[in-house]
Amino acid sequence: AEDTGLIIPLGFWVLKEACLQMYNWQQQFNGLSEWKISVNIASKQLAMPNFVAEVEKILVETKLNPHNLKLEITESSLVEDTQQTIAILKQLKASGIEFSLDDFGTGYSSLSYLHQFPFDTLKIDRSFVNSIGDNIEKLGIVRAIVTLARNLGMDTIAEGIETKEERDTLLSLDCDAIQGYFACKPIYGAALQAWLDKLPPA
């Protein structure tokens, strides 16, 4: 999809469907007003001159509050036009949208620029998490990322958590949240809806 350019219409379709689904669940279930849905954004989408307008249009069409949307952006997306990207993110951030820096530590990691981006979350790449308990170097890297994020006013999510040992280690390093098969494998919307249906009333 990246190579053919299909990622642009596909990416905006995914964004719209995700926003619409989140809004519908908010209407159906109480207590979801503070929940956020995270959607990956491709670098080719971010480079479009009308990217901000497209995102705002989708929010209007789906009626989703911008505070319920979090966009995930990879480090490689930041390298092409740093100042333009900063301006785009800050414009959307002003409306209430949040941002995650995905796969942190695997791509373009210029610390001189990182503090200029309005990221809310650093996502620690799974390559640093896999077998972390047996690797002093990985422990040191994750500890440093958590400290860096906290000093910049961001929270952290560790990707690719598959075992209780990995979860316990990340939590002991003060990582804020985990993502991966240990928490939940990918499921269909209907399965998540059934789970939401069992939640106690807000």
Side-chain angles (χ1 to χ4, degrees), residues 1-26 32-128 145-146 148-159 176-177 179:
E2 287 272 8
D3 292 341
T4 62
L6 272 176
I7 193 64
I8 293 175
L10 178 61
F12 285 121
W13 176 84
V14 168
L15 178 60
K16 185 173 183 178
E17 289 295 310
C19 290
L20 184 60
Q21 180 66 86
M22 187 66 189
Y23 177 79
N24 288 339
W25 277 334
Q26 286 178 329
L32 304 188
S33 61
E34 298 302 316
W35 284 36
K36 298 181 188 299
I37 189 159
S38 294
V39 182
N40 292 90
I41 296 297
S43 58
K44 287 189 177 182
Q45 286 177 274
L46 197 57
M48 293 179 61
N50 63 337
F51 176 73
V52 171
E54 284 294 319
V55 173
E56 292 175 340
K57 177 184 174 186
I58 286 172
L59 288 171
V60 170
E61 290 176 347
T62 61
K63 302 179 184 178
L64 184 69
N65 189 314
H67 293 278
N68 297 121
L69 177 62
K70 197 166 195 174
L71 301 180
E72 298 194 7
I73 297 166
T74 60
E75 287 183 86
S76 59
S77 302
L78 309 180
V79 69
E80 294 177 9
D81 191 334
T82 302
Q83 294 306 317
Q84 181 182 348
T85 303
I86 290 173
I88 289 171
L89 300 192
K90 284 186 174 180
Q91 190 174 345
L92 290 172
K93 174 85 171 179
S95 72
I97 296 172
E98 291 191 2
F99 295 94
S100 295
L101 181 54
D102 204 7
D103 303 331
F104 181 72
T106 62
Y108 176 70
S109 307
S110 175
L111 298 184
S112 64
Y113 282 117
L114 183 59
H115 72 281
Q116 297 182 42
F117 287 95
F119 288 110
D120 301 277
T121 303
L122 288 186
K123 299 191 73 175
I124 303 169
D125 187 72
R126 63 179 301 157
S127 62
F128 301 125
I145 292 174
V146 171
L148 172 65
R150 186 152 290 130
N151 288 339
L152 293 174
M154 306 176 193
D155 57 27
T156 48
I157 297 177
E159 300 177 297
D176 296 294
Q179 174 182 321

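Along the sequence shown, the residues carry numbers beginning at 1.
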Counting only pairs under 3.5 Å, give me each side-chain donor-acceptor contact of residues 7-15, with atom names and distances, residues two or more places apart or in other chains.
none

task = Say whether, by atom type as modelled, one donor and one acceptor occur between the side chain of Asp102 and the main chain of Ile73 under 3.5 angstrom.
result = no

message = For the CG atom of Leu71 and the CD1 atom of Ile88, what is their distance to the nearest 0.5 Å?
response = 11.5 Å

query = Can you check whether Leu32's main-chain N or O pairs, donor with acceptor, with Gln26's side chain at less than 3.5 Å?
reply = yes

inquiry  = With a 4.5 Å cut-off on side-chain heavy atoms, are Gln83 and Gln116 touching?
reply    = yes

task = Decide yes or no for Leu114 and Leu148: does some side-chain heavy atom of the first lie under 4.5 Å from some side-chain heavy atom of the second?
result = yes

Nearest-0.5 Å distance that lies between atom CD1 in Ile97 and atom CG in Leu92 = 4.5 Å

remark   = For residues 6-15, the salt bridge (charged side-chain N to carboxylate O under 4.0 Å, His left out) pairs (sequence neighbours left out) are none

key: Pairwise side-chain contact, Ile145 with Met154, heavy-atom cut-off 4.5 Å (strictly under)   = no

message = Is it the case that the side chain of Thr156 and the backbone of Leu122 share a donor-acceptor pair, with hydrogens and angles ignored and the cut-off at 3.5 Å?
response = no

task = Evaluate the side-chain proximity of Asp125 to Glu159: yes if any heavy-atom separation is below 4.5 Å, no if none is.
result = yes

key: For Trp35 against Met22, the heavy-atom pair lying closest together   = CB-CE, 3.2 Å

message = Side chains of Asn40 and Thr74, heavy atoms from C-beta outward: is any pair under 4.5 Å?
response = no

note = Here the gap from His67 atom NE2 to Ser33 atom OG, rounded to the nearest 0.5 Å, amounts to 11.5 Å

inquiry  = The criterion is side-chain contact (heavy atoms from CB on, under 4.5 Å); which residues satisfy it with Ala158, sequence neighbours excluded?
reply    = Val129, Ile161, Leu170, Cys175

ask   = Shortest non-hydrogen contact from Tyr23 to Thr62?
value = CG-O, 3.4 Å

query = For Glu34, does the CD atom have more than 12 heavy-atom neighbours from other residues, nucleotides or ligands under 6.0 Å away?
reply = no

remark   = In short, Ser95 meets Pro66 closest at the heavy-atom pair O-CB, 3.3 Å

Residue of the set Leu59, Ile58, Leu64 for which side-chain contact (heavy atoms from CB on, under 4.5 Å) holds with Lys16 = Ile58

Distance, nearest 0.5 Å, that separates CZ of Phe117 from NZ of Lys90 = 9.5 Å

inquiry  = I'd like to know if the side chain of Lys44 reaches the main chain of Glu2, judged simply by a donor and an acceptor atom lying under 3.5 Å from each other, with no hydrogens or angles considered.
reply    = yes

query = How long is the span from the CD atom in Gln84 to the CZ atom in Phe51, to the nearest 0.5 Å?
reply = 11.5 Å

note = Heavy-atom nearest pair, Asp103 first then Glu75, reads O-OE2, 3.1 Å

ask   = Quick one: does Lys123's side chain have a donor or acceptor within less than 3.5 Å of a partner on Phe104's backbone?
value = no

Check: Ile37 main-chain N/O paired with Asn68 side-chain donor or acceptor under 3.5 Å = no

note = Interatomic distance, CG@Asn24 vs SG@Cys19, rounded to 0.5 Å, equals 11.0 Å

message = Looking only at side-chain N and O atoms, does Thr121 offer a donor or acceptor that is under 3.5 Å from a partner on Asp155?
response = yes

